[in-house]
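Below you'll find the structure, written out as structure tokens, and then a few comments.
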Amino acid sequence: MLKIFTLIRRSLKKSFDNIRNEQLKYNLLQAIPFWIGSVITGFVAVMYAKIFAWGEKLLEIILHWHDWMIFIIAPIGFVLSWWLVKEFAPNAKGSGIPQVMAAVELANPKEHTKIRSLLSLKIIFFKILSSVILVIGGGAVGREGPTIQIAGSVFRKVNEYLPHWWPKISKKNMIMTGAAAGLAAAFNTPLGGIVFAVEELSKTHINYFKTALFTAVIIAGLTAQTFAGSYLYLGYPKTHDVSLMVMFPIILVAGISGIMASQLSVTMLKMNDWKKRKLKTDRSNVAFLIVCALFIASIAYFINREILGSGKEIMQRVLFTQNKHEDWYVPILRMLGPALSFTSGGAGGIFAPALTAGASIGSVISGAIHLTPNESNVVILGGMVAFLTGITRAPFTSAIIVLEMTDRHSLIFHLMLAGMISSIASILVSRHSLYDVIKANFLTEIRNKED
């Protein structure tokens with residue numbers, strides 16, 4: 001095996017040495033680390049998606065067997081997920097997007113050594129393990145945000161392992177490109193990954209890394225499709241024969257979703273602050289987690305099981321079946337579940353739960369005003385964009401992601417309108433996004449610890 005590897009290496013080196021154009025050689029050496037990172041990211045993203053889906057399926061099987069089991073697995077899942085992160089990888093908690101944003105800001109000559117606490121192989125392992133355990137326990141979290149931190153960690157390690165003679169690559173560009181590739185692989189949305197890097201992460205002129213960004217997103221997406229097949233995250237909802245008048249319910253849903261999403265962000269931040277001030281010991285944290293888990297379990301058992309999990313099945317049902325209209329209280333449950341799960345201290349993202357909350361708001365309102373099934377689909381998609389925008393404050397990223405995951409390019413103006421209305425409405429509650437505040441907290445903790 002070693003002889004084969006040596007033979008391949010010599011053959012590649014000979015081919016490379018035969019290239020006479022030095023600029024081409026340099027460009028190839030610059031590109032190779034991005035390509036390697038993209039392939040690894042695509043593979044890991046698909047494996048993570050399969051493991052996460054297995055976790056959600058396991059929860060479903062357990063509850064189908066005996067639904068009272070939720071009172072046992074929820075406390076175990078919440079406490080174990082929190083403990084793994086606390087003991088082994090504290091910066092693996094939560095979504096992962098604020099950690100990547102913080103790492104981008106730390107990617108400067110003075111502070112670049114601090115990035116390893118945010119992006120590492122250990123983070124990858126415990127991010128996956130903690131989030132899967134939390135979702136088995138009924139936690140309302142997603143895998144998309146964690147995939148972005150995982151991808152950032154992959155790209156950082158690839159950059160770190162380059163030999164000393166290799167042309168230097170900007171750590172900031174490497175991390176941003178990794179994050180974009182991670183989002184593209186998680187949702188199968190290449191344009192969403194590119195727009196995310198520009199809108200949410202980049203303070204650098206895109207000309208400096210646009211080629212690396214585009215190729216990384218394409219390679220990561222193609223790798224993911226190689227292992228998972230060509231797929232849409234959701235599917236093809238019917239949206240034809242919809243009049244321009246549907247813009248008015250979209251504006252209504254977008255405004256409500258933006259305000260509620262921003263209020264959810266404020267509530268989660270207040271919960272985190274309260275926990276830091278009041279829960280000083282492990283025992284108090286465990287007691288809090290058990291209470292939260294039993295509260296979620298009680299709602300799932302006595303009221304509605306839709307408070308559990310990422311909520312992807314809710315989106316699929318309201319978009320692709322005749323059962324389009326949720327009960328009025330489901331949006332409340334789909335905000336309550338993520339609020340308690342996201343602040344638990346375990347790993348897990350809020351992208352998918354935010355999309356689900358927006359879909360449920362659109363579903364309730366479209367039912368209340370008696371829209372047709374196709375009009376309901378358009379309003380539901382608008383609600384998804386709007387709620388995600390209220391959380392991220394990235395309207396274009398949100399619109400492009402929903403557009404690509406449903407292949408409804410004819411709705412681009414409807415979705416962008418929803419994002420822009422939500423962006424304006426969410427500012428009425430809070431000027432700063434959830435990710436920005438959490439990013440600032442990570443930076444403060446890391447800098448204080450190092451100093």
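Not measured: the values here are computed from a predicted model.
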What's the spacing between Lys57 NZ and Phe52 CZ if we round to 0.5 Å?
15.0 Å
Ignoring hydrogens and geometry, is there a side-chain-to-backbone donor-acceptor pair from Ser310 to Gly142 under 3.5 Å?
no
Using distance alone, with no hydrogens and no angle criterion, decide if Tyr435 and Ser265 have a side-chain donor and acceptor under 3.5 Å apart.
no
Smallest heavy-atom separation, Phe78 atom then Gly137 atom, equals CE1-O, 3.9 Å
Test item: Ser363 side-chain N/O and Glu326 main-chain N/O as donor-acceptor pair under 3.5 Å:
yes
Taking the six-membered ring for Trp, are Trp274 and Phe288 ring centroids under 6.0 Å apart?
yes
Working to the nearest 0.5 angstrom, can you tell me the gap between Leu308 CG and Glu60 CD?
11.0 Å
Could you tell me whether the side chains of Ser153 and Ser120 share a donor-acceptor contact shorter than 3.5 Å?
no
When you compare the side chains of Asn441 and Thr444, does any donor N or O come within less than 3.5 Å of an acceptor on the partner?
no
So CE of Met315 and CG of Leu319: to nearest 0.5 Å the spacing works out to 8.5 Å
Check whether Ser344 reaches the backbone of Gly346 with its side chain - one donor and one acceptor, N or O, closer than 3.5 Å.
yes
Can you find a heavy atom in the side chain of Arg334 that is under 4.5 Å from one in the side chain of Phe387?
no
Any residue meeting salt bridge (Lys or Arg N to Asp or Glu O under 4.0 Å) with Asp282, in chain and number order, not counting sequence neighbours
Lys86
Donor-acceptor pair, side chain of Ser426 and main chain of Ser423, under 3.5 angstrom:
yes
Let me see the working for Phe125 and Phe88 under ring pair (Phe, Tyr, Trp, His ring centres under 6.0 Å), right down to the final yes or no.
CA-CA 10 Å; Phe125 178 78; Phe88 302 106; 9.0 Å; no
Step by step, work out the side-chain contact (heavy atoms from CB on, under 4.5 Å) result for Met247 and Leu244.
CA-CA 6 Å; Met247 291 294 189; Leu244 200 59; 4.2 Å; yes
Do Arg156 side-chain atoms and Leu119 backbone N/O form a donor-acceptor pair below 3.5 Å?
yes
For a side chain to side chain donor-acceptor pair (under 3.5 Å) check, start with the C-alpha distance between Ser398 and Thr389, then their side-chain angles and the critical distance, and finish with the verdict.
CA-CA 6 Å; Ser398 303; Thr389 297; 3.3 Å; yes
Is it the case that the side chain of Asn377 and the backbone of Pro237 share a donor-acceptor pair, with hydrogens and angles ignored and the cut-off at 3.5 Å?
no
Looking only at side chains, do Glu375 and Ser366 share a donor and an acceptor under 3.5 Å apart?
no
Ignoring hydrogens, what is the shortest heavy-atom contact between Ile115 and Ala103? Give both atom names and the distance.
CD1-O, 3.7 Å
Using a distance-only test with no angle check, is there a side-chain donor-acceptor pair under 3.5 angstrom linking Glu404 and Asn188?
no
Throw together a table of side-chain donor-acceptor distances under 3.5 angstrom for residues 31-44, partners on residues two or more places apart or in other chains.
| unit_1 | atom_1 | unit_2 | atom_2 | d |
| --- | --- | --- | --- | --- |
| Ser38 | OG | Phe34 | O | 2.7 |
| Ser38 | OG | Ala216 | O | 3.2 |
| Thr41 | OG1 | Gly37 | O | 2.8 |

Can you tell me if CZ on Phe396 sees more than 12 non-hydrogen neighbours from other groups inside 6.0 Å?
no
Show your reasoning for whether side-chain contact (heavy atoms from CB on, under 4.5 Å) applies to Ile299 and Leu336.
CA-CA 10 Å; Ile299 292 174; Leu336 186 61; 3.6 Å; yes
Check this for me: Gln322, atom CD, are more than 12 non-hydrogen atoms of other residues, nucleotides or ligands nearer than 6.0 Å?
no
When you compare the side chain of Ser117 with that of Ile446, does any pair of heavy atoms fall below 4.5 Å?
yes
Looking at Val437, is its backbone amide N or carbonyl O close enough to the side chain of His432 to form a donor-acceptor pair, meaning the two atoms are under 3.5 Å apart?
no
State, with a plain yes or no, whether a side-chain heavy atom of Leu333 is found less than 4.5 Å away from one of Asn304.
yes
Counting neighbours of NZ on Lys157 that are heavy atoms of other residues, nucleotides or ligands and sit closer than 6.0 Å, is the number greater than 12?
yes
Can you find a pair of side-chain heavy atoms, one from Ile175 and one from Lys172, that are under 4.5 Å apart?
no
Here the gap from Leu403 atom CG to Ser410 atom OG, rounded to the nearest 0.5 Å, amounts to 8.5 Å
Which atom pair, heavy atoms only, marks the closest approach of Phe71 to Ala297?
CD2-CB, 3.8 Å
Arg393 and Ser262: side-chain donor and acceptor closer than 3.5 Å?
yes
Does His64, at its NE2 atom, have more than 12 non-hydrogen atoms belonging to other residues, nucleotides or ligands within less than 6.0 Å?
no
Could you go step by step and tell me if Lys275 and Asn285 meet the side-chain contact (heavy atoms from CB on, under 4.5 Å) rule?
CA-CA 8 Å; Lys275 282 179 64 182; Asn285 271 288; 3.9 Å; yes
Between Ile169 and Asn159, which heavy-atom pair has the shortest distance, and what is it?
O-ND2, 3.7 Å
Does CZ in Arg116 sit with more than 12 non-hydrogen atoms of other residues, nucleotides or ligands closer than 6.0 Å?
no
Would you mind reporting whether Leu183 and Phe187 have side-chain heavy atoms less than 4.5 Å apart?
yes
Verify the neighbour count for atom CD1 of Ile61: are there more than 12 heavy atoms of other residues, nucleotides or ligands below 6.0 Å?
yes
State, to 0.1 Å, how close Ala180 and Gly193 come at their nearest heavy-atom pair, and which atoms those are.
CB-O, 3.2 Å
Strictly distance-based, threshold 3.5 Å: is any side-chain N or O of Lys171 a donor or acceptor partner for the main-chain N or O of Ala107?
no
Pairwise side-chain contact, Leu63 with Trp68, heavy-atom cut-off 4.5 Å (strictly under)
no
Contact between Ile123 and Leu118 at the side-chain level, heavy atoms closer than 4.5 Å - yes or no?
no
Does atom CZ (Phe248) have a neighbourhood of more than 12 heavy atoms from anything else shown, all under 6.0 Å?
no
Strictly below 4.0 Å, N to O, side chains only: are Arg317 and Glu306 in salt-bridge contact?
yes
If you look at every heavy atom in Gly255 and Ile421, which pair is closest and at what distance?
N-CG2, 3.7 Å
Value rounded to 0.5 Å, distance of CD1 in Ile332 from CG in Asp327:
11.0 Å
Please check this pair: side chain of Arg143 against backbone of Ala186, looking for a donor-acceptor N/O pair closer than 3.5 Å.
yes
Working to the nearest 0.5 Å, report the span between OG of Ser243 and CG of Asn374.
11.5 Å
For Gly94, does its backbone N or O pair with a side-chain atom of Lys127 as donor and acceptor, under 3.5 Å?
yes
Greater than 12 external heavy atoms within 6.0 Å of Arg277's CZ:
yes
Are Met101 and Gln99 side-chain neighbours, meaning at least one heavy-atom pair lies under 4.5 Å?
no
